[in-house]
Protein chains: 2
Amino acid sequence: MAKSNSKEKTRDRIINSAKKLFAEQGYQKTTIVDISRQAGLSEAALYEYFQGKEDLLLTIPDLWVSELLRDLDEQLFGIKGAVNKLRKYLWWYIRRVEQAPLDAKIVYLFLKTNANFLNTEVYSNVKNLYSYLVDIFEEGRKTGEMKPELNPLLARDVFVGTMDHIITRWLLKDMTYSLFENLETIFELMVDAFKANHPTLTSQSIL
Amino acid sequence: MAKSNSKEKTRDRIINSAKKLFAEQGYQKTTIVDISRQAGLSEAALYEYFQGKEDLLLTIPDLWVSELLRDLDEQLFGIKGAVNKLRKYLWWYIRRVEQAPLDAKIVYLFLKTNANFLNTEVYSNVKNLYSYLVDIFEEGRKTGEMKPELNPLLARDVFVGTMDHIITRWLLKDMTYSLFENLETIFELMVDAFKANHPTLTSQSIL
DNA sequence: GATATTTCCTAATATCATTAGGAAATATGT
DNA sequence: ACATATTTCCTAATGATATTAGGAAATATC
């Protein structure tokens, strides 16, 4: 299996070169020659591994997001309470973004642009990633930890929107600070939107 | 002034053609030939009006966003109370997006990608657009209408993030529904994050 | 050791963005 | 009205770059 092994190595080298260059110079300004040089190949050889530049762009975040999805279950396992799960989700995701800023940059800045994004494997994986949040809000609503009238889909929009917003700004500002800086405060702010109104009084009410 | 008049007309024709094609097919897939044909010109003539394709891309949202900025002051004039201002801001902005979906699409989907975005006039105008929100939250905090410990910058992040998120999804889904559908509910959800905790009790407390 | 397959390369080819150079139309000054 | 300057536009270049052709070198398979 030395053949397929070396094939995997070359493929990985191409992916990593592309990732680096896309994130540094942007998708448009990165040429196939750039990528293949960086990977120590000719342009033509690259086409043995990928159908083209766009295929390459779509492959990178695909790997990252499906790995995220695999990890998420495990991370939330055993955590009790909707708010605690929500906190874990946020801290986990932000950490993952800080650990893989190049992947994050490609997902957040270059993918949405792409006309095929909605038909992508990445898109459906991202949707899955976010659907966990809907479940968490649903649980919170049911247990009375959160508002009885809470709409889980809209709560997810607030949560994901805020998360994506601070991540996008961080990426545009070239990751010059830590995403964790105000995370606690912003989390508490959001939770106030979701939590039942009078936590010190009885939150169980009969219809 | 027939000369400069006709010049303006041609320029506008180019802008509108580009706007339409960029929004329909994306920036990359739209060619200069496409745009100039649509505008009834040769490619070369287009270069009399714009420095190139990227210049064209950046000009379109520049016009839209500076017009928004001019309008905003007037729209908020005479509205009393931070929550009322916030509501007006949201309804105004969402309406503007629905009225100019092509411009919105270019701002939201193609601009962030661009490496020069942060050095753009558009960027500084968008920042100005958002800075109104910070003022509103500051006012709300001072008058006691909102939490005394509210961080106006973070509140803005929640508000803008949520707004941008629902707009981006709407654009990706090809504007097949109305942005106003759940707006009331989502607004109330967010306001719960900002408002003082016990509105029925005294909200003035001494440190 | 011979043959098939994979991996890679050097050169086309094709598709644009952009520029050159100049013609036609329009404005300006007399 | 005429001559000249300026603006607007056009038909080709030119140049960059994604992709493909065709085949050589390396590697695997029998």
Side-chain angles (χ1 to χ4, degrees), chain A residues 1-61 106 110-111 113-117 120, chain B residues 1-61 106 110-111 113-117 120:
Chain A
M1 292 285 168
K3 174 189 64 179
S4 107
N5 194 338
S6 108
K7 172 149 186 172
E8 277 318 287
K9 271 182 189 162
T10 309
R11 201 183 143 88
D12 284 355
R13 231 170 37 223
I14 296 172
I15 288 180
N16 288 325
S17 306
K19 196 185 287 189
K20 183 159 170 281
L21 291 168
F22 284 156
E24 260 172 21
Q25 329 177 331
Y27 176 72
Q28 295 167 54
K29 285 184 183 157
T30 301
T31 70
I32 294 285
V33 183
D34 288 343
I35 298 170
S36 43
R37 285 252 177 78
Q38 178 94 15
L41 280 173
S42 73
E43 310 105 276
L46 186 147
Y47 284 85
E48 293 287 335
Y49 296 88
F50 297 94
Q51 291 180 353
K53 199 179 170 185
E54 191 174 326
D55 180 33
L56 196 41
L57 175 72
L58 295 176
T59 300
I60 294 169
I106 289 167
F110 304 118
L111 213 57
T113 298
N114 194 280
N116 296 325
F117 175 53
T120 308
Chain B
M1 291 290 170
K3 174 189 63 179
S4 108
N5 194 336
S6 108
K7 172 151 186 170
E8 278 317 289
K9 271 184 189 161
T10 309
R11 200 183 142 89
D12 283 355
R13 231 172 36 227
I14 296 172
I15 287 181
N16 289 326
S17 306
K19 197 186 287 189
K20 181 159 171 280
L21 292 168
F22 284 156
E24 259 172 21
Q25 330 176 331
Y27 176 72
Q28 296 164 54
K29 285 185 181 155
T30 302
T31 70
I32 293 286
V33 183
D34 287 344
I35 298 169
S36 43
R37 283 253 177 78
Q38 177 95 14
L41 279 173
S42 72
E43 311 107 276
L46 186 149
Y47 283 86
E48 293 287 333
Y49 297 88
F50 297 95
Q51 292 179 353
K53 200 179 170 184
E54 191 175 327
D55 181 31
L56 196 42
L57 174 72
L58 295 176
T59 300
I60 294 169
I106 290 166
F110 304 118
L111 214 57
T113 297
N114 193 281
N116 296 324
F117 174 54
T120 306

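By convention in this document, chain letters (A, B, ...) are assigned in the order of the sequence lines, proteins followed by strands, and residues within each chain are numbered from 1.
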> NA contact type, B:T30, heavy-atom cut-off 4.0 Å: base, sugar-phosphate, or nothing?
Replying inline: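 Sugar-phosphate: the residue B:T30, judged by heavy atoms under 4.0 Å, touches backbone atoms but no base.
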For the side chain of [X] and the backbone of [Y], is there at least one donor-acceptor N/O pair under 3.5 Å apart?
X     : Y      : result
A:D34 : A:T31  : yes
A:K19 : A:I106 : no
A:S36 : A:L46  : no

>> Pick the closest DNA chain D nucleotide for A:A44 and for B:L41 by heavy atoms, then say which residue is nearer the 5' end.
In response: B:L41
To the nearest Å, how far apart are [X] [atom1] and [N] [atom2]?
X     : N      : atom1 : atom2 : value
A:Q25 : D:dT17 : CD    : C1'   : 14 Å
B:E48 : C:dA17 : CD    : P     : 18 Å
B:D34 : C:dC16 : CG    : P     : 8 Å
A:I32 : C:dC16 : CD1   : P     : 16 Å
B:R11 : D:dT7  : CZ    : P     : 15 Å
A:I35 : D:dA16 : CD1   : C1'   : 15 Å
A:E43 : D:dA21 : CD    : P     : 15 Å
B:D55 : C:dT18 : CG    : C1'   : 13 Å

>> On the nucleotide D:dA21, are OP1 or OP2 found under 4.0 Å from the side-chain N or O atoms that A:Y47 carries?
In response: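 Negative; the distance criterion is not met.
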> Checking side-chain contact (heavy atoms from CB on, under 4.5 Å) for the pair B:L56/B:Y49: CA distance, chi angles, key distance, verdict?
Replying inline: CA-CA 9 Å; B:L56 196 42; B:Y49 297 88; over 6 Å; no
> Where the side chain of A:S42 is defined as all heavy atoms beyond and including C-beta, which of C:dT18, D:dT19, C:dC9 is the nearest nucleotide?
Replying inline: C:dC9
> Out of C:dT10, C:dC16, C:dC8, which nucleotide sits closest to the side chain of A:T10?
Replying inline: C:dC8
